[in-house]
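Throughout, a chain's letter reflects where its sequence line sits, starting with A, and its residues are numbered from 1.
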There are 2 protein chains.
Amino acid sequence: MCISYECDYHFTIVLRESLGGEEEEEDPQTSTTMAVSTIYSTQALNSTHFLTSSPSSSTSKQVFFYRRHQSQTNRRFNTIITCAAQQTVVIGLAADSGCGKSTFMRRLTSVFGGAAEPPKGGNPDSNTLISDMTTVICLDDYHSLDRTGRKEKGVTALDPRANDFDLMYEQVKALKSGIAVEKPIYNHVTGLLDAPELIQPPKILVIEGLHPMFDERVRELLDFSIYLDISNEVKFAWKIQRDMAERGHSLESIKASIEARKPDFDAFIDPQKQYADAVIEVLPTQLIPDDNEGKVLRVRLIMKEGVKYFSPVYLFDEGSTISWIPCGRKLTCSYPGIKFNYEPDTYFDHEVSVLEMDGQFDRLDELIYVESHLSNLSSKFYGEVTQQMLKHADFPGSNNGTGLFQTIVGLKIRDLYEQLIANKATAPAEIAKV
Amino acid sequence: MCISYECDYHFTIVLRESLGGEEEEEDPQTSTTMAVSTIYSTQALNSTHFLTSSPSSSTSKQVFFYRRHQSQTNRRFNTIITCAAQQTVVIGLAADSGCGKSTFMRRLTSVFGGAAEPPKGGNPDSNTLISDMTTVICLDDYHSLDRTGRKEKGVTALDPRANDFDLMYEQVKALKSGIAVEKPIYNHVTGLLDAPELIQPPKILVIEGLHPMFDERVRELLDFSIYLDISNEVKFAWKIQRDMAERGHSLESIKASIEARKPDFDAFIDPQKQYADAVIEVLPTQLIPDDNEGKVLRVRLIMKEGVKYFSPVYLFDEGSTISWIPCGRKLTCSYPGIKFNYEPDTYFDHEVSVLEMDGQFDRLDELIYVESHLSNLSSKFYGEVTQQMLKHADFPGSNNGTGLFQTIVGLKIRDLYEQLIANKATAPAEIAKV
C-alpha cells in the first residue's frame with residue numbers, strides 16, 4: 001500500500017499462517033489478528049487501522065504478524081511485500097567483553113557521520129547507541145537471567161541458558177522488517193533487567209555482544225557479520241590494563257576470571273567465528289622476538305569471499321600472496337617497523353582473503369602512504385581511511401591494525417548498505433511477483 | 001668541422017700534447033703527426049688529408065692522436081670537439097665463460113631489432129657480433145698470450161698478465177670516440193691470435209668477457225656495466241650440462257677445471273662486480289628444500305641507485321620491501337611455484353634495489369601477469385617484455401629469472417642509450433666550450 005515509489009517507511013508485510021486444513025480466507029487489508037506476546041508490541045502496532053499513521057510516527061506500517069511457534073512445522077507462510085523501499089540492514093558484531101566492541105562501534109557510526117548517543121530521555125543505563133543512520137543494541141539486553149539468577153543457577157552470561165534467543169530473534173526480525181520494538185535493558189551497573197526501551201527500526205541495526213551468530217534464526221537475519229577474535233595473550237594484557245590499572249583488580253583475580261570464563265567462551269562464543277563474514281584477529285607481534293608486552297599487535301582481517309555486496313580489500317594484487325614492509329626509502333619507521341601481509345586462504349572451509357598488519361604507525365598521517373596501496377577500500381574519496389583514523393586518533397588502537405581494520409570494515413558496511421538499498425530500489429517489482 | 005648539425009659520423013677530435021716547455025704551434029687542421037703504434041691504425045686514419053673522406057668509409061674523421069705513455073705525467077691535453085652529434089655508447093658485460101653471456105647478448109641485440117652476425121666476409125672464427133645498432137666484441141680478443149704462451153708462463157686466461165689492457169683501453173676509447181679500429185682476434189678453436197679485423201664504431205658497443213671492469217681506464221669508458229654472477233652451485237650444474245653432456249668431459253675433469261680456475265677467478269674476475277651498475281645473481285632455488293638439482297633457479301637483479309639515465313625497476317612500491325607469490329586465484333603455478341622479492345639494500349657500500357625471482361613459469365605467456373605488476377621497465381608498449389621473451393622462448397633461461405632480467409636489462413640499456421643520445425643532441429654547444 002505504497003502511495004508513491006519514493007516512500008521510505010510505507011510498506012505492507014503479510015505473514016499468513018494456516019494450520020493443518022484450516023484455510024483462513026481473511027482479507028489481509030482488514031485483518032487485525034496479531035500475536036505479539038513475546039515481542040514487545042510497538043505503538044505503531046497498537047493501532048487497529050493500519051492504513052492510518054500511528055500517532056507516534058510519521059510513517060505507517062501495515063503488518064499482519066503471527067507468532068511462529070517452534071512446535072508447528074507444517075504451516076504455510078505467504079509473504080506479500082507490496083513496497084519495501086526501505087528495510088533495516090542488520091549487522092552482527094560478536095566478541096567477548098572488554099575486546100574493543102564499543103570503540104569499533106564508535107568508528108563505525110563515525111563513518112556514517114554524526115556521533116552515536118543513548119536514547120534521549122531514556123534509562124541512563126541503556127546500552128543502546130543511536131545515530132542518524134545506525135542503532136547499536138547490546139545483546140546483553142537479552143539476558144534472561146539477571147546477575148542473581150545466573151549466580152543461583154550457576155551459569156555465566158556466556159551460557160545460552162542465561163539468554164533469551166527467542167526474544168532476540170523476534171525483535172531483530174521485527175526491526176529488520178521496519179517494526180519498532182520494546183527491548184529490555186540489562187543494567188550492567190545493578191545486574192538487573194530494567195524496564196524496556198522503545199527501539200525504532202533504524203537504517204542500520206548493529207547487534208553487538210556475545211551471541212549475535214549463536215542462534216541460527218538470528219544469524220540468518222544478519223546482512224553482515226563480524227567476529228572480533230582477540231588472542232588469549234592480548235586479551236590478558238588488555239584485561240590487566242583495564243581491570244588492574246583502572247579498576248584496581250588483582251592480577252590473580254584477573255587470571256581467575258579469564259580462566260573461569262574460558263570453558264563457556266570456547267563452547268558458546270568462539271565457535272561463532274566460523275559464521276562471520278569478517279574476522280578481526282588480534283595477536284601478539286611477530287616483529288619483536290618473544291614479545292610478552294602485548295603493546296605491539298599483529299592484526300589480521302579475514303574476509304570471506306563470495307559474500308554478496310562485500311568485496312574484500314586487497315594489497316597490490318588481488319588473490320596473490322604478498323608481504324610488504326612499507327618502511328624504506330619513502331617511509332621511515334622506528335623499531336620494530338610495520339609489516340603487511342596479504343594472501344588468499346581458507347577459514348573453516350570458506351575461501352577467504354587475509355590482510356595482516358604487524359606493528360604500529362609512528363605518525364598517523366603516514367597512514368595515507370599505506371592507504372594508497374590498498375584496493376577495494378570502498379572509500380568515497382582518496383584518503384578517507386586516513387581522515388577517519390586521524391579524526392579519532394585518541395581512540396584505542398588508532399596507531400595499529402585494530403583501528404585500521406575497524407575503519408575499513410566500517411567503510412565496507414557503508415558500501416554494503418548502499419548497495420543493498422540501491423538493489424532494493426530497483427527490485428520491488430520483482431519481489432511483488434514472489 | 002661539421003658540415004651540418006644532422007651529421008652522424010663527421011666530427012673532429014684533437015688531442016694535443018706538449019712535453020715540458022716544448023710548445024707546439026702546429027695547425028691542428030694540417031698536422032699529420034700521429035702515433036698509433038699500439039692501436040691498430042684504421043683505414044680512415046691512414047689518410048693524411050683529414051678533411052677528405054677516407055676511401056673505406058663514407059664518413060670523415062679528423063683526428064690528431066698522440067699515444068699516451070704511462071711514464072709521462074706532466075703533459076697538457078687540449079681536447080677540441082667541434083661536432084659530436086653521435087658518439088658510441090659503451091656497455092660492459094662481465095662474466096666467467098659458460099655463464100650465458102652469448103644468450104644475454106642475443107636478447108640485448110633483439111631488443112634493438114635485427115639479429116647479430118659475425119662481420120661479413122671476415123674470419124669465420126671471429127668472436128664479434130654485429131647488428132644494426134650494436135657491436136659486441138669479446139674481450140678474449142685482447143689476450144696478449146695465446147694458449148701456448150699461457151701454458152709456458154703458467155698463467156690462466158683470467159690472469160691480467162695474459163691480457164693487453166693498454167690495447168683494450170685504446171681501442172675502446174677510439175671506438176667510443178667514433179674511430180674505427182683493427183682489433184685482434186683470439187681464435188678459440190686454435191688458441192692462437194689471428195690477424196685483426198676492422199671494427200667500425202657502432203651506436204652501441206658491448207664489450208663482454210672476463211675483464212671489462214678490471215682496468216680503471218676501460219671502466220671509466222663504460223656508460224653502463226653489468227656483472228653476471230653465477231653461484232658456484234649453479235655454475236657447476238651448468239658446466240656439467242655443457243661439458244659433460246655435450247662435450248663428453250668427465251665429472252672429475254669438470255670439477256678439477258672449476259677448482260683450477262677458482263683462485264684467479266676470485267682474485268681478478270669476481271671483484272669487478274663491485275663496479276657494476278647491474279648485477280644478475282643466479283642462485284639455487286629456495287622453494288625446494290635442499291635442492292641440489294640446480295634446475296630451478298633463484299635469480300636476483302641488483303640495480304645500483306643514482307646511476308645517470310638508469311632508473312631501477314620496482315615491484316608495486318618503489319623503495320619498500322615486498323615479497324610476492326603471484327600464484328593464486330589469478331595465476332595457477334605447478335610446484336614449486338614462483339616467488340618474487342623486491343627490496344632496497346646495499347651492495348659494496350652502494351645503495352641498490354634488488355628484484356628477485358625464484359622459480360619458473362609454467363607457461364611463458366603468464367609472464368604478462370608478472371610484467372603488468374613491474375614498474376620502470378622502460379618498455380615502449382604494454383607487454384614488450386613478454387613479447388621479447390616469447391620471441392626467444394627457445395633461449396636458455398626463458399622460463400626463469402635469467403631470461404626475464406636479461407630482457408629487462410636490455411630494455412634499460414635501450415632507454416639509457418636513447419637518453420644519452422637525446423641529451424647529447426641538446427648539449428654540443430656546451431661541449432664545444434670545454
Side-chain angles (χ1 to χ4, degrees), chain A residues 286-287 302-307 310-347 350-359 361-362 366-377, chain B residues 286-287 302-307 310-347 350-359 361-362 366-377:
Chain A
Q286 288 182 337
L287 299 175
I302 301 164
M303 299 162 280
K304 204 179 269 183
E305 292 289 333
V307 176
F310 173 62
S311 167
V313 176
Y314 66 85
L315 182 64
F316 296 119
D317 178 42
E318 199 277 318
S320 68
T321 300
I322 290 181
S323 86
W324 178 43
I325 299 169
C327 317
R329 288 194 197 114
K330 291 185 195 157
L331 187 71
T332 313
C333 316
S334 67
Y335 181 83
I338 301 172
K339 186 176 182 182
F340 280 85
N341 272 295
Y342 165 73
E343 61 184 333
D345 203 348
T346 52
Y347 186 80
H350 291 293
E351 198 182 339
V352 295
S353 284
V354 182
L355 180 64
E356 176 180 315
M357 175 183 165
D358 198 351
F361 302 109
D362 282 348
E366 288 167 353
L367 179 57
I368 189 68
Y369 182 75
V370 169
E371 181 178 356
S372 66
H373 291 97
L374 292 169
S375 297
N376 256 356
L377 282 173
Chain B
Q286 288 182 337
L287 299 175
I302 302 164
M303 298 162 282
K304 203 180 269 183
E305 293 288 334
V307 175
F310 174 62
S311 167
V313 175
Y314 66 85
L315 182 65
F316 297 118
D317 178 42
E318 199 278 318
S320 68
T321 300
I322 290 181
S323 86
W324 178 42
I325 298 169
C327 316
R329 286 192 199 117
K330 290 186 197 157
L331 188 71
T332 313
C333 315
S334 66
Y335 181 81
I338 301 172
K339 186 176 181 182
F340 280 84
N341 272 294
Y342 165 73
E343 61 184 333
D345 204 347
T346 53
Y347 186 80
H350 291 294
E351 198 181 339
V352 295
S353 284
V354 182
L355 180 64
E356 176 181 315
M357 174 181 166
D358 198 351
F361 302 109
D362 283 349
E366 288 168 353
L367 179 58
I368 189 69
Y369 182 75
V370 170
E371 181 178 357
S372 66
H373 291 97
L374 292 168
S375 297
N376 256 357
L377 282 174

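- Contact record, Asp317(A) with His373(B): OD1-NE2, 3.1 Å, taken as the closest heavy-atom pair.
- Of the two parts of Glu343(B), neither the backbone nor the side chain holds a non-hydrogen atom closer than 4.5 Å to a non-hydrogen atom of chain A.
- With a 4.5 Å cut-off on side-chain heavy atoms, Leu315(B) and Phe316(A) do not count as touching.
- More than 12 non-hydrogen atoms from other residues, nucleotides or ligands lie less than 6.0 angstrom from NZ of Lys304(A).
- Within the 4.5 angstrom heavy-atom criterion, only side-chain atoms of Tyr342(A), from C-beta onward, approach chain B.
- Here Ser323(A) is the residue among Ser323(A), Gly319(A), Pro344(A) with the most heavy-atom pairs under 4.5 Å with chain B.
- If you take CZ on Phe340(B) and OG on Ser320(A), they are separated by 11.0 Å, rounding to the nearest 0.5 Å.
- Within residues 351-359 of chain A, the residues having any heavy atom under 4.5 Å from a heavy atom of chain B are, by residue number, Glu351(A), Val352(A), Ser353(A).
- Listed by chain and number, the residues in a ring pair (Phe, Tyr, Trp, His ring centres under 6.0 Å) with Tyr347(A) amount to none (sequence neighbours excluded).
- Glu318(A) and Arg329(B) get closest at one heavy-atom pair: OE2-NH1, 2.9 Å.
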